[in-house]
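I'd like to ask you about the structure that follows.
Every value quoted in this text rests on a predicted model; they were computed, and no experiment measured them. Just so it is clear, the values below take in all heavy atoms, side chains as well, and ignore hydrogens, waters and symmetry mates. Naming: A, B, ... by sequence-line order, numbering from 1 per chain.
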There are 2 protein chains.
Amino acid sequence: MPRNKREQDRDSKRDEIIASARERFLEDGFEATSMSRLASAAGVAPNTIYWYFKDKDEVLVAVLDAEFSTRAVEYLQQPFADTAERLLWVVNQLELTSRLVSTVHARASLSPQINTWHERFHELTEGMVRMELAQKSLPAERIESLVKICVFTIEGLLAHPMTDEEKRRICATLAAV
Amino acid sequence: MPRNKREQDRDSKRDEIIASARERFLEDGFEATSMSRLASAAGVAPNTIYWYFKDKDEVLVAVLDAEFSTRAVEYLQQPFADTAERLLWVVNQLELTSRLVSTVHARASLSPQINTWHERFHELTEGMVRMELAQKSLPAERIESLVKICVFTIEGLLAHPMTDEEKRRICATLAAV
DNA sequence: ACCTGAACACCGTTCAAGT
DNA sequence: ACCTGAACACCGTTCAAGT
């Protein structure tokens, strides 16, 4: 029996757990979803999850990684008219995972793994925004401040539900420097 | 025995619990502080706390109320040079309670009381920022967007530790519209 | 290698009993 | 009115035992 087959089985089983965990986390939230619930949703015994993941936080990190790599691919395929539209798309996509944004903030100080993920996420988002702003030829230190403000606004829009019109206006205001 | 004496006793006991809970929440975080720990810090049995508070979330709301009314009084007594300085002071003061900011966001969807508190807090903060911006005579809808961006930036600065210099620059950039 | 039943230490909360 | 000991249902996690 080739080692590949084994690893493929293991990975596909892992992916199944991640997929059903994603659904539970987005629907009910991380804190409100117990390991038992997670297990029954995946059709295994509660402690079986620990064969595939170190702990509950590692399940969350796996869900986040899967979710955001999917979004990243979609982002690159999207045709955008301007900066404001680009911003709005990001916010609208991430909004589906808004519950998880709060969870990540709350757990970053408790779980090193989630803290690491959170920092990586910020670097990525800031890099994206920085690229966008680079085209406007502003003084360097002003750019860095604006990058932070943009990222904080994205996070804010995620954490606080808002009408499409409000979101649109805020993104436009921000894009206009 | 006058009713006043009784109520005073009750209130002062309640205040003691709030004071020691404040310390535990800021030091160790809300999630990491158990009701048992809260009780032993206040020198009572775990379930005694339920005589003074409906549940753990109500203790948090009480701590938040006490904390922010204290800050509000200090704010009004402060002599500020300009908008940027004003912003920076708010951020620096609230930073002491940054762990609680994350907790509030995470629990707002789980606890109606905390959700209510969170909304009140946003109205208050937005009102403050709106007053500040009103002096600049901008179009109304632009003001509303800027208010949101300012509040989101305040929240962002609280959630993500930063050097004083970075904070100062971000506040200045924002104050310069 | 993979999965499980049973147990562990802990959690927030309730309740009947004491003063 | 105020406080408690004991119990409840649940949590995330571990471990020895099975295949």
Where at least one partner belongs to residues 123-143 of chain B, residue pairs that pass ring-ring contact (aromatic ring centres under 6.0 Å, His included), sequence neighbours excluded
none
Side-chain contact, heavy-atom cut-off 4.5 Å: Phe152(B) with Ile149(A)?
no
Could you tell me the separation between the CZ atom of Phe25(B) and the NZ atom of Lys56(B), rounded to the nearest 0.5 Å?
6.0 Å
Taking side-chain contact (heavy atoms from CB on, under 4.5 Å) as the definition, give me every residue that meets it alongside Ser20(B), ordered by chain and number, with sequence neighbours left out.
Ala41(B), Ala42(B)
Spacing of Asp11(A) atom CG relative to dA1(C) atom P, expressed in whole Å:
15 Å
Partner residues of Tyr52(A) under the ring pair (Phe, Tyr, Trp, His ring centres under 6.0 Å) criterion, sequence neighbours left out:
none
Qualifying residues under side-chain hydrogen bond (donor to acceptor under 3.5 Å, both in side chains), relative to Glu16(B), sequence neighbours excluded:
none
Rounded to the Å, how far apart are Glu16(B) CD and dC3(D) C1'?
15 Å
Quick one: list whatever passes salt bridge (charged side-chain N to carboxylate O under 4.0 Å, His left out) with Asp55(A), sequence neighbours left out.
none
B/S/- along nucleotides 14-19 of chain D (protein heavy atoms under 4.0 Å) is BB----
Separation of Arg14(B) atom CZ from dC3(D) atom P, in whole Å?
13 Å
So if I take residues 36-45 of chain A and measure heavy-atom distances to DNA chain C, which residues fall below 4.0 Å?
Val44(A), Ala45(A)
Can you tell me if Lys13(B) touches the phosphate of dA1(D), counting only side-chain N or O atoms and a distance under 4.0 Å to OP1 or OP2?
no
Under 3.5 Å, side-chain donor or acceptor atoms of residues 154-161 of chain A against the rest of the protein: list the pairs with distances, not counting sequence neighbours.
from	atom 1	to	atom 2	distance (Å)
Glu155(A)	OE1	His160(B)	NE2	3.4
Glu155(A)	OE2	His105(A)	NE2	2.9
Glu155(A)	OE2	His122(A)	NE2	3.0
His160(A)	ND1	Gly156(A)	O	2.8
His160(A)	NE2	His105(B)	NE2	3.4
His160(A)	NE2	His118(B)	NE2	3.3
His160(A)	NE2	His122(B)	NE2	2.8
His160(A)	NE2	Glu155(B)	OE1	3.4

Please report the distance, rounded to the nearest Å, between CG in Asp9(B) and P in dC2(D).
8 Å
Can you figure out which of dT4(C), dC2(C), dC2(D) approaches the side chain of Thr48(A) most closely?
dT4(C)
Short side-chain N/O contact from Trp51(A) to OP1 or OP2 of dC2(C), under 4.0 Å:
yes
Is the backbone of Asp65(A) close enough, under 3.5 Å, to the side chain of Ser69(A) for a donor and an acceptor to pair up by distance?
yes
Answer with base, sugar-phosphate or nothing: what part of the nucleic acid does Phe53(B) contact at a heavy-atom distance below 4.0 Å?
nothing
In numerical order, the residues of residues 55-62 of chain A whose heavy atoms come under 4.0 Å of DNA chain D are Asp55(A), Lys56(A)
Are there runs of at least three consecutive Watson-Crick or G-U pairs touching DNA chain D, with each pair's two distances under 3.5 angstrom? Give them by first number.
C:4-8 with D:12-16, C:12-16 with D:4-8
Whole-Å distance separating the OH atom of Tyr52(B) from the C1' atom of dC3(D)
8 Å
Heavy-atom closest pair (Arg99(A) atom, Ser109(B) atom, distance to 0.1 Å) is NH2-OG, 3.7 Å
Which part of the nucleic acid, if any, lies within reach of Ser34(A) when heavy atoms closer than 4.0 Å are counted: base, sugar-phosphate only, or nothing?
sugar-phosphate
CZ of Arg10(B) versus P of dA1(D): gap in Å, rounded?
10 Å
Qualifying residues under salt bridge (charged side-chain N to carboxylate O under 4.0 Å, His left out), relative to Asp82(A), sequence neighbours excluded
none
Could you check whether any side-chain N or O of Lys148(B) sits under 3.5 Å from a backbone N or O of Ile143(B), counting only pairs where one atom can act as donor and the other as acceptor?
no
Non-hydrogen atoms of Lys167(B) and Met162(B) that approach each other most closely
CE-O, 3.7 Å
Asp28(B): partners by side-chain hydrogen bond (donor to acceptor under 3.5 Å, both in side chains), with sequence neighbours left out:
Arg24(B)
Nearest of dA1(D), dC11(D), dT13(D) to any side-chain atom of Met35(A)?
dT13(D)
